[in-house]
Asks: 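Pasting a structure here, questions to come.
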Number of protein chains: 2
Amino acid sequence: MARNCRFAVAVHVAALLAMEEQSRTSEWIAGSVNTNPVVVRRILSALAKAGLVISTRGINGGSTLAKSPERITLLDLHRAVDEEETPALHNQPPNPACPVGRNIQSVLVRVMDRAEAAKEAVLATTTLADVTGALRAATG
Amino acid sequence: MARNCRFAVAVHVAALLAMEEQSRTSEWIAGSVNTNPVVVRRILSALAKAGLVISTRGINGGSTLAKSPERITLLDLHRAVDEEETPALHNQPPNPACPVGRNIQSVLVRVMDRAEAAKEAVLATTTLADVTGALRAATG
DNA sequence: CCTTTATGTAACAGCTCTCGTTCCGATTTG
DNA sequence: CAAATCGGAACGAGAGCTGTTACATAAAGG
């Protein structure tokens, strides 16, 4: 599969907007991400639906953050662009006549939910302001 | 994408072997997982390479656990069957002429590594014996 | 040695997802 | 009305996963 890079692009786009004063067009953003403006607009559309950015059309149109970078976490961005990942279970339901097959999925769901929650807890501790701070430190 | 369900099958297979006294064939296992024996053998092959199961060919052949269920964690199973998931970054490298594009990936890798470590820490706390215990509790 | 049974694995088709692209309508400004 | 920009549909290319067939390899028993 072509690996899902929506989250990476979303963080990239949000970081760009956080570091820019003005509203920016999808074409300008695409220049930094090195992709097609439509790909950027798809990400921006998801972020807008989550209330993280605001976009306007027409001349002088473009996008800006809807909230301050301190109030946007990486978990917000992750949930905005990635489908709620149901824990990856069997494609075909297991054999219900087998004691293991009948109950394995509920056991799996419980563990995977805990693991996913731990991952999301880490993403929730990092804000967009942390990211731009790290970027400024790396730039020098 | 056809969602990756190797981890779910791996836990299922390992739980079956943990609850059976005897060596079991891939065909028998496939009956509980409800899939093709070759799919099961692919999982078993990965588990064998990780030193978690032992398989023998020929008449009376089949697979058994290589270690006691208390000494196999879900993290062991996860690492055995899932490619080392490099954090999902951009497909095309970002524009190096942009300060954000030049540094965003290293910042992303740092955060994603922490998030992945948190997830793996949860998987490491659950053993195959815990899984079979939950299965027995659900069955009985 | 030969038959039987089982694993190991390559090869292939079908499916789904993602991305990049083209295209067109809608909206805003002047 | 013209220009610029977003919104989003539609399509093809490419990649990964699963299920299947096919065949070589290996072990056990007569």
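We use all heavy atoms of the structure for the numbers below, so side chains are in, but hydrogens, waters and symmetry mates are not. Throughout, protein chains are lettered first and strands after them, A, B, ... in sequence-line order, and every chain is numbered starting at 1.
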Asks: Test your reading of the model: is there a side-chain donor-acceptor pair from A/Ser32 to the backbone of A/Ile29, 3.5 Å cut-off?
Replies: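 Side chain of A/Ser32 to backbone of A/Ile29: no pair is present.
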Asks: Please check the phosphate of D/dT5 (OP1 and OP2 only) for any side-chain N or O of A/Thr25 closer than 4.0 Å.
Replies: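 So the side chain of A/Thr25 is outside the cut-off, no N or O lying under 4.0 Å from OP1 or OP2 of D/dT5.
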Asks: Report yes if at least one side-chain N or O of A/Ser45 is closer than 4.0 Å to OP1 or OP2 of D/dG7; otherwise report no.
Replies: no
Asks: Rounded to whole angstrom units, what separation is found between the CZ atom of B/Arg42 and the C1' atom of C/dA10?
Replies: 10 Å
Asks: Within a reach of under 6.0 Å around CD of A/Glu70, are more than 12 heavy atoms found that belong to other residues, nucleotides or ligands?
Replies: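 Result for CD/A/Glu70: enclosed.
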Asks: Is any side-chain N or O of B/Arg41 closer than 4.0 Å to OP1 or OP2 of C/dG8?
Replies: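 No, because none of the side-chain N or O atoms of B/Arg41 sits under 4.0 Å from OP1 or OP2 of C/dG8.
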Asks: Would you say B/His78 and B/Glu120 are linked by a side-chain donor-acceptor pair, where the criterion is simply a distance under 3.5 Å?
Replies: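 Their side chains do not contain a donor-acceptor pair, so the 3.5 Å distance test is not met.
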Asks: From NE2 of A/His90 over to P of D/dC17, roughly how many Å is that when rounded to an integer?
Replies: 17 Å
Asks: Taking the side chain of B/Val38 as heavy atoms from C-beta outward, which of C/dA10, C/dC19, D/dC6 is closest to it?
Replies: C/dA10
Asks: Using whole Å, what does the distance between atom C1' of nucleotide C/dC19 and atom NE2 of A/His12 come to?
Replies: 17 Å
Asks: CG of A/Asp82 versus C1' of C/dT18: gap in Å, rounded?
Replies: 12 Å
Asks: Out of D/dT18, C/dT28, C/dG20, which has the shortest distance to the side chain of B/Cys5?
Replies: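 My answer, after comparing the listed nucleotides, is D/dT18.
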Asks: So does A/Ser26 get a side-chain nitrogen or oxygen closer than 4.0 Å to the phosphate oxygens (OP1/OP2) of D/dC6?
Replies: yes
Asks: Looking at C/dT18, I'd like to know if its phosphate oxygens (OP1 or OP2) sit under 4.0 Å from a side-chain N or O belonging to A/Arg6.
Replies: yes
Asks: Can a side chain N or O of A/Asn36 be found less than 4.0 Å away from OP1 or OP2 on C/dT21?
Replies: yes
Asks: How close or far is atom C1' of D/dG7 from atom CG of A/Leu44, stated in whole angstroms?
Replies: 11 Å
Asks: Using whole Å, report how far CZ of A/Arg57 lies from C1' of C/dC24.
Replies: 12 Å
Asks: Could you check which of D/dG19, C/dT21, D/dG8 has an atom nearest any side-chain atom of A/Lys49?
Replies: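 Comparing D/dG19, C/dT21, D/dG8 against the side chain of A/Lys49, the answer is D/dG8.
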Asks: Checking A/Thr126 against B/Arg114: is there a side-chain donor and acceptor pair closer than 3.5 Å?
Replies: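 Yes.
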Asks: Counting any heavy atom closer than 4.0 Å, what does B/Thr35 reach on the DNA or RNA strands: base, sugar-phosphate only, or nothing?
Replies: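 Answer is sugar-phosphate: B/Thr35 comes under 4.0 Å of backbone atoms only.
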Asks: Please give, in whole Å, the distance from C/dT7 C1' to B/Leu47 CG?
Replies: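 Going from B/Leu47 (CG) to C/dT7 (C1'), I get 14 Å.
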Asks: Return yes if a side-chain donor-acceptor contact under 3.5 Å exists between B/Asn103 and B/Ser106, otherwise no.
Replies: no
Asks: Nearest-Å distance, CG (A/Asn4) to P (D/dC17)?
Replies: 13 Å
